[in-house]
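Working notes for the structure below.
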Amino acid sequence: MSYIDLHMHTDYSDGACTADEVLEMVRSSGISAFSITDHDTLGGYRHARTALRPGDPELVSGVELSVLIGEDDVHVLAYLFDPDDKPLNNSLLAFQQKRHTRGQQIVEKLQNLGVDVAFDAVTETADGSVIGRPHVAETLHRLNKVGSYQEAFDKYIGRKGPAYVPKVLLEPQAAIDMVHAAGGVAILAHPFIDDMARHIPMLTEMGLDGLEVKHSNHTAEQAARLERIAAKHRLAVSGGSDFHGREGRHGAIGSQRVPALYLQDLKKRAAQNRGRL
Ligand code: AMP
Ligand code: ZN
Ligand code: FE
Ligand code: FE
């Protein structure tokens with residue numbers, strides 16, 4: 001049996017490892033295919049693509065988008081799209097800029113709460129990466145404004161925290177259509193984090209292609225439930241570690257033992273989608 005990992009982050013977004021480090025871990029994990037799914041950027045994917053050597057595991061194009069459903073920030077993974085698709089790349093650029101502005105807004109809120117931190121310190125932490133809350137958390141920890149990375153989320157920037165600023169998000173239908181137009185498939189990421197599974201029927205109506213069944217934050221029981229839901233809605237199944245390179249969160253690359261057969265089905269669905277365009 002051959003295994004794959006279709007969900008991991010590099011320091012092009014909020015992962016802690018460089019794309020080269022991630023590629024080394026992919027090589028030593030023994031998986032046969034992988035996807036780098038940074039938030040709102042293809043930088044890590046592109047970097048890995050140029051660093052690939054003959055005999056390396058197959059690299060699948062990927063990105064993790066965020067869509068707004070009600071008040072929920074719902075993550076959608078896109079795979080197998082044309083990485084040079086113009087509308088997709090333009091949209092990613094716009095989201096990168098919005099994340100920058102949002103980082104500034106979070107810092108303003110922190111300052112108003114009496115936390116002495118400058119936005120420059122956050123961009124220094126991010127060092128060119130697409131800015132996410134993990135960079136803010138790391139900065140607060142580095143400057144000893146909190147006792148730990150996690151405390152930054154618990155005290156300030158978590159979903160219910162006083163310095164939380166929501167992202168400017170895509171409409172789910174627009175996101176799914178954009179991924180299809182670029183030749184890819186759209187997969188609901190980690191449906192059991194914050195119980196986003198309740199949105200599955202609506203997203204399926206909108207053309208969602210599949211569910212991320214295997215994920216480091218899902219129990220075996222939740223994965224089994226998601227497989228049943230996927231079968232009921234005729235959705236594909238996918239999976240990955242969601243590796244971020246930080247302690248305590250998400251597993252190691254390859255740890256989810258995702259069967260390579262899942263990727264074959266995703267490829268079939270991507271081809272079918274393209275045929276319908
Ligand atoms: P952002 O996309 O900027 O909203 O950041 C989301 C990322 O922040 C997630 O992918 C997690 O890595 C991290 N995160 C979000 N909420 C928490 C939390 N409560 N505790 C720890 N990390 C979190
Ligand atoms: Zn992330
Ligand atoms: Fe996610
Ligand atoms: Fe992720």
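As the structure lists them, so they are numbered: ligands from 1, and atoms in each ligand from 1. Since the structure is predicted, the reported quantities are computational estimates derived from the model, not experimental observations. The chain is numbered in sequence order, starting from 1.
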The Fe ion (ligand 4) neighbourhood, protein N/O/S only, threshold under 2.8 Å:
H7 NE2, H9 NE2, E64 OE1, D242 OD1
Within 2.8 Å of the Zn ion (ligand 2), is there any N, O or S atom belonging to H244?
yes
Flag D14 as yes if one of its N/O/S atoms falls below 2.8 Å of the Zn ion (ligand 2), otherwise no.
yes
Ring centres of Y79 and H7 under 6.0 Å apart?
no
Contact list for residues 255-277, test ring pair (Phe, Tyr, Trp, His ring centres under 6.0 Å), sequence neighbours left out
none
When the ring planes of H218 and F192 are compared, do they come out parallel, tilted or perpendicular, using 30° and 60° as the limits?
perpendicular
Classify the ring geometry of H250 against H215: parallel below 30°, tilted from 30° to 60°, perpendicular beyond 60°.
perpendicular
Please check if any side-chain donor atom of D14 sits under 3.5 Å from a side-chain acceptor atom of H135, or the reverse.
no
Polar side chain donor-acceptor pair, H75 to E212, under 3.5 angstrom
no
Rounded to the nearest 0.5 Å, how far does CD1 of I157 lie from CG of D154?
10.0 Å
